[in-house]
Trainee: 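Sharing a structure below in structure tokens format, with a few things to ask.
Order of the sequence lines fixes the chain letters, A, B, ..., with proteins taken first and strands second; residue numbering starts at 1 for each chain.
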There are 2 protein chains.
Amino acid sequence: MTDAGTTTPPRRSDATRSAILTAARERFAADGYERATIRAIARDAGIDPSMVMRYYGSKDGLFAAALDVDLELPGPEGLDPREVGEVLVGHFLDMWEENEALTAMLRVGATNQAGAERLQGVFRDQLVSLARQVCPDPEQAPTRAALVASQVLGMALTRYVLRLPPTVALSREEIVAWLGPTVQRYLTAPG
Amino acid sequence: MTDAGTTTPPRRSDATRSAILTAARERFAADGYERATIRAIARDAGIDPSMVMRYYGSKDGLFAAALDVDLELPGPEGLDPREVGEVLVGHFLDMWEENEALTAMLRVGATNQAGAERLQGVFRDQLVSLARQVCPDPEQAPTRAALVASQVLGMALTRYVLRLPPTVALSREEIVAWLGPTVQRYLTAPG
DNA sequence: AGTGTTGGCCAACAAGTGTTGACCAATGGC
DNA sequence: GCCATTGGTCAACACTTGTTGGCCAACACT
């Protein structure tokens, strides 16, 4: 999060820059790529649209900068293979609730090629390596990770994007209880 | 499909009308709502953009007309509650492969309110009534139908929209074998 | 103090959008 | 053969979009 070392000198405009990123995440999450206009983002951030261009080059550049997501998946330590399903589902729910960049990526990924690839990248890199640690045959890790993604993204889609009332009404615990065993099976059941 | 009865007199322009609908479904499925322009749809259909307006009133009207989907879920007869999961997953895969309107609805639903509501309607009306027939407590039918939707839509999302390579590589049989038991459990497991 | 750099706003551009209305050509009933 | 209806094109309107360049004020350094 904070600057660690000599990577970037602090600029006077950092406040504006991060205001733009925050507004961009909100707009992308709420409206998707096409309908999240630079003008609207700039208005939310309280500055002129041309500033967005100066700082991020283009709308694509802004998108790339705004949606840098780390799933923060648990490492090998503290990962009990027998309850990885429930832990994972709970973790994803937390991520989604607190980080609107994930909803933004999902919404944008549905219509925008760059968004789809970014979503692919996040789940491929971070989920597959976890799957490799817990599934019986490491060869199957990509397939099993994809199955997990289908269920987790499906829940995110119906709950945070489509807002199907019954999925919105479910509590965190209920979702974990329902999806946990599914994810558990996708990851650890003999292939 | 075909005209049954005296509902609508056949018009000379029926060929054009259905050409427009076909092109619209393709474009909506491929590009989503905003990027599927009326001009592009008209070009695909080989006519002038203004015809689209004349026949369907507006872009919203075209969208509504193009995406009228019947899931064709099996009725109470021929529905063995013990294998409803696998049957349902197979059925959804067939629907998705042959009907691009479903992919269109999914893509549009991610960014467009009307699309989201339409998707909600389709799954609510058609899936819930099926759930009511097989789940132990009819009171829970909406919740169970929503869980099924989360898994089925999640697979459709990763396979037909995001095109995650491992999900694309799976065969119909593999998907049925993996998702079938999940859907079965969401529908019939004691609550 | 003076000067270069940075942060910011304003006005405009070119392109593309949904939508409209005027106009033409073919059809079909009388 | 005449004429109303239908199927279709063309050109334009009003608007929004991403993007650009010119200009001004505040700062930082010497």
Trainee: Going by distance alone, is a donor N or O of one side chain under 3.5 Å from an acceptor N or O of the other, for B:Thr182 and A:Arg185?
Mentor: yes
Trainee: Once you round it to whole Å, what is the distance between P of C:dG8 and CG of A:Asp14?
Mentor: 10 Å
Trainee: On the 0 to 90° scale, with breaks at 30° and 60°, tag the B:Phe28-B:Phe63 ring pair as parallel, tilted or perpendicular.
Mentor: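 Perpendicular: the ring planes of B:Phe28 and B:Phe63 meet at over 60°.
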Trainee: Over how many whole Å does the gap from B:Tyr33 atom OH to C:dT17 atom P extend?
Mentor: 14 Å
Trainee: Between D:dT19, C:dG8, C:dT19, which one does the side chain of A:Ile38 approach most closely?
Mentor: D:dT19
Trainee: Between B:Arg35 (CZ) and D:dT17 (C1'), how many Å, whole number?
Mentor: 15 Å
Trainee: Evaluate side chain to side chain contact (heavy atoms under 4.5 Å, CB included) for A:Phe92 paired with A:Val176, printing each intermediate quantity in order.
Mentor: CA-CA 10 Å; A:Phe92 274 115; A:Val176 169; over 6 Å; no
Trainee: Could you give the CD-to-P distance, from B:Glu34 to C:dG18, as a whole number of Å?
Mentor: 10 Å
Trainee: Look at B:Arg124 together with B:Glu117 and state whether they make a salt bridge at an N to O cut-off of under 4.0 Å.
Mentor: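 Salt bridge between B:Arg124 and B:Glu117, a charged N being under 4.0 Å from a carboxylate O: no.
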Trainee: Is it the case that the side chains of B:Ser171 and B:Glu174 hold a donor-acceptor pair, with the cut-off being a distance below 3.5 Å and no angle test?
Mentor: yes
Trainee: Using 0.5 Å steps for rounding, measure from the CZ atom of A:Arg27 to the CD1 atom of A:Ile20.
Mentor: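 Those atoms lie 14.0 Å apart.
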Trainee: Name the pairs: protein N/O against N/O of nucleotides 10-14 of chain C, kept only if under 3.5 Å.
Mentor:
unit_1	atom_1	unit_2	atom_2	d
C:dC10	N4	A:Asp48	OD2	3.4
C:dC10	N4	A:Ser50	OG	3.0

Trainee: Report the distance from atom CZ of A:Arg11 to atom C1' of D:dA28, rounded to the nearest whole Å.
Mentor: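 Interatomic distance, CZ of A:Arg11 to C1' of D:dA28: 17 Å.
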Trainee: Measure CE/A:Met51 against P/C:dG7 and give the value in whole Å, please.
Mentor: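 These atoms are roughly 7 Å apart.
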Trainee: Parallel under 30°, tilted from 30 to 60°, perpendicular over 60°: which one fits the rings of B:Trp96 and B:Tyr160?
Mentor: parallel
Trainee: Assign each of B:Arg54 and B:Asp60 to its nearest nucleotide of DNA chain C by heavy atoms, then name whichever residue's nucleotide is nearer the 5' end.
Mentor: B:Asp60
Trainee: In whole angstrom, what separates B:Arg17's CZ from D:dT6's C1'?
Mentor: 10 Å
Trainee: I need the OH-P distance between B:Tyr55 and D:dT6, as an integer number of Å.
Mentor: 11 Å
Trainee: May I ask you to say what A:Tyr56 touches in the nucleic acid, namely base, sugar-phosphate or nothing, with a heavy-atom cut-off under 4.0 Å?
Mentor: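 If one applies the 4.0 Å heavy-atom cut-off, A:Tyr56 turns out to touch nothing in the nucleic acid.
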Trainee: D:dT30 pairs with which nucleotide, Watson-Crick or G-U wobble, both distances below 3.5 Å?
Mentor: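 C:dA1 is the nucleotide pairing with D:dT30.
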